[in-house]
Amino acid sequence: LSIRRQRQMCIRDSPHLHLQRHRGRLIATLSCHCHGGVRSGHPARDPGQPLQASRAAGKPRVNALKPVKIIAAFVAAALIMMAFWQLKAGEQGITVTPVMIGDIPATVYEAAGGGRAPTVVIAHGFAGSQQLMRSFAFTFARNGYTALTFDFAGHGRNPRGLSGDLEQVDGATRRLIDDVARVATYARERGDGRIAVLGHSMASDIVVRFAQGDPAVMAVIAVSMFSPAVTASSPRNLLVIVGDWEGMLKREALRAVGLF
């Protein structure tokens, strides 16, 4: 019999595998009732003679990087807590008041104990909500303005749906401009009558078009702007903010600024 043949016979003859630990070593014992020698010249194995496979079972190897990972985890946690504390510190002294402007959910941010001030209406981008614009609102409020965020139709907690093509001025775009107009009316009454508007992405075009139709708007801030409506003369006091990696939006921003 060849070695392979003998092993096949052992498998057919139902071998038995036994595991045990002895002096820190894991012992695997395989026994079967196969018989006969090995013609390859190897000595015959007695029936039932154990086949042993062992592995060192000493103390587990210490990972040299483990202390570094623990320190890194503590540093990361400390940085997260510091960032959270800074965010909360920035909210100190600011009164945040949820309001409803008809069926439009909105939030007013103003300095605690402050008087009536110019109001900045802040509009979010496509698929966003007023929650994404909180940092803008707190920044304006800390600097003496009243800030007002809201949810467009079809966004956030606004119960009204939004349909139509945003590229058609008389479609969904007109509905969004109407939302800004309603919020702006409330903003004038809430503050000292002066307003500015800020729009991000989709809303940059909305606030530009709104300001072009309302000459009382003091200033327009367009963040990540795309608005073919911008001309050399309107809207007035336009501030364009765009990231260096925003590609097409950066080119559009440079085009708009180049008109003035």
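Remember, predicted model here, so these are calculated numbers, not experimental data.
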Can a donor-acceptor pair be found between the side chains of Glu110 and Thr95 at a distance below 3.5 Å?
no
Kindly work out whether a path of hydrophobic side-chain contacts (I/L/V/M/F/W/Y, heavy atoms less than 4.5 Å apart) joins Val197 to Tyr145.
no
Linking I/L/V/M/F/W/Y whenever their side-chain heavy atoms sit closer than 4.5 Å, directly or via other members, would Met100 and Val180 fall into one cluster?
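No, Met100 does not connect to Val180 through the hydrophobic network.
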Would you please test Arg160 and Asp151 for salt bridge (charged side-chain N to carboxylate O under 4.0 Å, His left out) and show each step?
CA-CA 10 Å; Arg160 291 184 296 116; Asp151 287 332; over 6 Å; no
For a 4.5 angstrom cut-off between non-hydrogen side-chain atoms, does [X] reach [Y]?
| X | Y | value |
| --- | --- | --- |
| Leu259 | Val230 | yes |
| Val220 | Val208 | yes |
| Met218 | Arg194 | yes |

Worked verdict on Tyr186 versus Arg182 for side-chain hydrogen bond (donor to acceptor under 3.5 Å, both in side chains)
CA-CA 7 Å; Tyr186 177 89; Arg182 293 169 64 191; over 6 Å; no
Which residues end up grouped with Met248 if you chain together Ile, Leu, Val, Met, Phe, Trp and Tyr wherever their side-chain heavy atoms are less than 4.5 Å apart?
Phe226, Val242, Leu249
Could you tell me whether a side-chain N or O of [X] sits under 3.5 Å from a main-chain N or O of [Y], the two making a donor and an acceptor?
| X | Y | answer |
| --- | --- | --- |
| His155 | Ser129 | no |
| Ser204 | His200 | no |
| Arg157 | Pro105 | no |
| Arg236 | Pro215 | yes |

Partner residues of Asp178 under the salt bridge (Lys or Arg N to Asp or Glu O under 4.0 Å) criterion, sequence neighbours left out:
none
Which pair of heavy atoms, one from Ser227 and one from Asp205, lies closest together, and at what distance?
OG-OD1, 2.7 Å
Can you name the closest pair of heavy atoms from Ile195 and Ala184 and give their distance?
CD1-CB, 3.8 Å
Starting at CG of Leu176, measure out to CZ of Phe210 and round the result to the nearest 0.5 Å.
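Separation between the atoms: 13.0 Å.
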Go through the steps to decide whether Arg175 and Asp179 satisfy the test salt bridge (charged side-chain N to carboxylate O under 4.0 Å, His left out), and finish with yes or no.
CA-CA 6 Å; Arg175 294 189 58 190; Asp179 280 352; over 6 Å; no
Assess the pair Tyr109 and Phe140: is the distance between their ring centroids shorter than 6.0 Å?
no
Partner of Gln130 under side chain to side chain contact (heavy atoms under 4.5 Å, CB included), picked from Asn158, Thr107, Ile104, is Thr107
